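Below is one structure, written out as structure tokens, with a few remarks after it.
In what follows, every chain begins at residue 1, and chains take the letters A, B, ... in the order their sequences are listed. All of these numbers come straight from a predicted model, not from anything done at the bench.
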2 protein chains.
Amino acid sequence: MTDEGVTVDGDALSPTRVAASRGSRNDQTRRHNLSTLLTAVHYGGPLTRAQLTRETGLNRSTIGGLSAELSALGLVVEDAAAETGSVGRPSLIVRPRPDVIALALHPDVDALELGAVAVDGTVVARRRLGVDAPPSPDDAVAFAAAAAREIAAELGGARVAGAAAAVPGLVAVDGDTVVAAPHLGWRGVAFGTSLTAALGVRSTVGNDANLGLRAEWSYGSARGVDNVVYLNGSASGIGGAALLGGRMLRGGRGYGGEFGHMLIRSDGERCSCGRSGCLETVLNAERLDAAGHDHAAIDALADVLAAAIANLESAFDPDLVLLGGFLGQLFDARRERIASGVRDQAFRPDAEDAAIARAGLGGNRLLIGAAERAFAPLLADPAGVELVRM
Amino acid sequence: MTDEGVTVDGDALSPTRVAASRGSRNDQTRRHNLSTLLTAVHYGGPLTRAQLTRETGLNRSTIGGLSAELSALGLVVEDAAAETGSVGRPSLIVRPRPDVIALALHPDVDALELGAVAVDGTVVARRRLGVDAPPSPDDAVAFAAAAAREIAAELGGARVAGAAAAVPGLVAVDGDTVVAAPHLGWRGVAFGTSLTAALGVRSTVGNDANLGLRAEWSYGSARGVDNVVYLNGSASGIGGAALLGGRMLRGGRGYGGEFGHMLIRSDGERCSCGRSGCLETVLNAERLDAAGHDHAAIDALADVLAAAIANLESAFDPDLVLLGGFLGQLFDARRERIASGVRDQAFRPDAEDAAIARAGLGGNRLLIGAAERAFAPLLADPAGVELVRM
DNA sequence: GTAAAATGTTCCCGGAGAGAACATATCGCG
DNA sequence: CGCGATATGTTCTCTCCGGGAACATTTTAC
């Protein structure tokens, strides 16, 4: 954001109250710049020092110093370019070290899954265990510990930046407590604490839809789009998340984005949340299955989805609406109908539609999203997070 | 926010892409600290240097230098304390200079209003002109120029930080263009540019609901609450705005927060937006007037409001829902009914309710909110904004 | 009136980035 | 094959900023 942007955009950032804004010291500047560099190679892939100089606006000598520090911290390597193609001394290529990883856990009703994800977003190792009954928190922690040992043996000498779990349920803002995960039967579990103890690395917990959107923003269909509404349809209902101005919607307690419980039909069925006519009582995996090849039934469900999207567009004015799970399938089956339904119903003063797209990442989405979450502290303060050898 | 907070809260701030995050220089540190200080006295009223030292965590000598610079810039004055009440050398009191003002314009269907607002949020002068027909943009600009001259004569020698207009309609993210203000009949007007030319100070435009919430956050019922949903009922419909994690919801184009067009009744009437069953077709000033003393009718409207609030709570998980205009009146008339209706319908895993409150600021709300908007660039960069003598 | 306490003021220090000067590596051309 | 042009890495110096110590100032308590 340019300086002009900040001033023009005075409305975007509410003025900070003093208690929330500590004074800046010199080392915070350093931290910020280290973070900027590491974040750049994290998302942008390998970049030359010259590119970093141009994109950050920092001085060549400064980039040199910062890059050397990241290298000394064991976070990046600086290679000579293979071939240049232009005149002048070739610039060194800065790339994240592939042996720096994050652990990502996904406990679900039918399986437990742990993945090791490298800084470039690739899943380098994974373990999966199918289960007959929803796993307890203890089951999940035990699986994570065992799978982490196996993965450690497989990878040999990786360094772990942190761990995170993607949980299908409500997670408190502290990033530790699973307040309620109805399908797993978890309630008020300090899961992050348990995981930290079992894995020996700093572990946090996130809501699955939130982390899914985060993954899509980092490496999927929503890459770089800063205003995104995400709807994911799974067997357990409809999960939602929103990225607004580049920040994840969280709410005061961490429960923001529960779009599965938006009102869609005022005469609808009773929902488990106590209301009637919630989106997920009308549009869910069962109903879509039941529709089979019944065109009219599928049309009706598509219309419900269009109404929901229109509703969300009125509230959030996103650049992109991203659909995952069975909602992605429904969208693919009725693209035109849904697009025109939204166009007719959305509150939009101009012809510009928000794009609607299907989520791009496949089965790795939650692992990648959780890993992004686990990498976040390292990216925010590269010199302040200690990597754990596994 | 503490450093620990930042790292725990990795999910809150999506990692910034490199292009959006310029490298930090030393003078940016200085700018940030000047901003922190000026912002502190802006919202916190007069503060002693000792308080600033404690609250910012900066060194005593640093605060001295920063405060001296703000004083030299003509933005604050440092007074000796009248009486102390405790041992030790009395600390100097830093207060914003009362002659630094912002101009706030509010063009509405029935009147034009211009106010001069001091840094502490008090409206120090105002001019109002009732009109029979909705004013054109040119009318509004002409009124603003004339009223500003009168106010200048009245105040004598104030220095203006900027101007802003609160417009009942959709405003583009650029903070300049009124995309559509149906009740005024404005469409695609570069109003900020016109106002800048007419007033001779940097002028921007904001949506009225957004600026109303901003005012409530700064000086009203939502003071310091960082997750707020705001609903304002006026003759022209229901305006909405949301403050999420301390930042105003804007959306990709600037049209976020149009809660008046959320679906509330799937069999409802046709709305001007093209959809059916929008909140403001069911709940509006006319219907509330028509209800008169009909208890059942008022109850029904209260139930609609409760459903809308529950819906918004599911989506945003706010700490506070703030109601203005006729929605505030309706809330006062049916507090218990609405509170319990929300409690029954909101998607909440625990007993904790979001607070619901009536907006606190009166007729000055929009002037104060627009002034906050106009002050924002000065608060963000105290040394970089030139004040204009009027 | 004196000691204690809190704050303002002055001066020096170390860290951070900018920028200039120099060193190095590649390309293009004769 | 060598030279100049070009781009980048490296080193050194400079400025600016905040931290902190020492000292000065002002009030309260006894």
Side-chain angles (χ1 to χ4, degrees), chain A residues 3 21-37 46-73 76-95 381-384, chain B residues 3 18 21-37 46-73 76-94 381-384:
Chain A
D3 294 346
S21 168
R22 309 292 301 192
S24 255
R25 291 183 223 76
N26 260 352
D27 57 314
Q28 287 180 320
T29 299
R30 184 67 169 189
R31 188 184 316 172
H32 175 259
N33 286 340
L34 285 172
S35 169
T36 299
L37 246 63
L47 292 170
T48 66
R49 281 209 205 165
Q51 286 174 305
L52 289 169
T53 302
R54 278 189 294 271
E55 292 185 22
T56 61
L58 293 171
N59 192 279
R60 211 155 72 202
S61 57
T62 308
I63 293 290
L66 291 166
S67 184
E69 184 168 348
L70 288 178
S71 187
L73 287 165
V76 304
V77 285
E78 296 183 299
D79 295 328
E83 47 190 68
T84 62
S86 69
V87 298
R89 178 174 176 171
S91 191
L92 294 178
I93 294 179
V94 184
R95 64 179 87 237
D381 184 12
Chain B
D3 294 347
V18 64
S21 168
R22 307 295 299 194
S24 255
R25 292 179 221 77
N26 260 350
D27 56 316
Q28 287 179 321
T29 300
R30 183 67 170 190
R31 189 185 314 173
H32 174 258
N33 286 340
L34 285 172
S35 169
T36 300
L37 246 64
L47 293 170
T48 67
R49 279 209 206 167
Q51 286 174 305
L52 290 169
T53 302
R54 278 189 295 270
E55 292 185 23
T56 59
L58 293 170
N59 192 280
R60 212 156 71 203
S61 56
T62 308
I63 293 291
L66 291 166
S67 183
E69 183 168 348
L70 288 178
S71 187
L73 287 166
V76 305
V77 285
E78 295 184 299
D79 295 329
E83 47 191 69
T84 64
S86 69
V87 299
R89 176 174 176 173
S91 190
L92 294 177
I93 294 179
V94 183
D381 183 12

Of the candidate nucleotides [options], which contains the atom at the shortest distance from the side chain of [X]?
X: P90(B); options: dT10(D), dT27(D), dT7(C); result: dT27(D)
X: V87(A); options: dA23(C), dG28(C), dG17(C); result: dG28(C)
X: L66(B); options: dG18(D), dT9(C), dA18(C); result: dG18(D)
X: A50(B); options: dT28(D), dT7(C), dG28(C); result: dT7(C)
X: R30(B); options: dG8(C), dG9(D), dC17(D); result: dC17(D)

In whole angstrom, what separates [X]'s [atom1] from [N]'s [atom2]?
X: L52(A); N: dG17(C); atom1: CG; atom2: C1'; answer: 16 Å
X: N26(A); N: dT15(D); atom1: CG; atom2: P; answer: 17 Å
X: I93(A); N: dT8(D); atom1: CD1; atom2: P; answer: 13 Å
X: R49(B); N: dT26(D); atom1: CZ; atom2: P; answer: 13 Å
X: Q51(B); N: dA6(C); atom1: CD; atom2: P; answer: 15 Å
X: H32(B); N: dA16(C); atom1: NE2; atom2: C1'; answer: 17 Å
X: R89(B); N: dT7(C); atom1: CZ; atom2: C1'; answer: 6 Å
X: E78(B); N: dT7(C); atom1: CD; atom2: P; answer: 15 Å

Please figure out whether R60(A) or D27(A) has its closest DNA chain C nucleotide nearer the 5' end.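 Of the two residues, D27(A) wins.
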
Do L58(B) and L66(B) come close enough that some side-chain heavy atom pair is under 4.5 Å?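 Yes. Closest side-chain heavy atoms under 4.5 Å.
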
At less than 4.0 Å, is any side-chain N or O atom of [X] found next to OP1 or OP2 of [N]? Yes or no.
X: R54(A); N: dT8(D); result: yes
X: T62(A); N: dA18(C); result: yes
X: N33(A); N: dG17(C); result: yes

Quick one: do R95(A) and E78(A) make a salt bridge, cutoff under 4.0 Å?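 No, no charged N to carboxylate O under 4.0 Å.
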
Would you compute the distance between atom CZ of R49(B) and atom OG of S91(B) and round it to the nearest 0.5 angstrom?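 That separation rounds to 7.0 Å.
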
How would you label the contact of S61(A) with the nucleic acid (heavy atoms, under 4.0 Å): base, sugar-phosphate, or nothing?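 Since a base atom lies under 4.0 Å of S61(A), the category is base.
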
For T56(B) and T36(B), run side-chain hydrogen bond (donor to acceptor under 3.5 Å, both in side chains): C-alpha distance rounded to whole Å, both residues' side-chain angles, the deciding distance at 0.1 Å, then the answer. CA-CA 8 Å; T56(B) 59; T36(B) 300; over 6 Å; no

R30(B) and G65(B): which non-hydrogen atoms are nearest, and at how many Å?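 Looks like NH2-O, 3.6 Å.
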
Can you say whether a donor on the side chain of N59(B) sits under 3.5 Å from an acceptor on the base of dG19(D), or the other way round?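 Flag unset: no donor-acceptor pair detected.
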
dG9(D) base / S91(A) side chain donor-acceptor hit below 3.5 Å: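 No pair found.
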
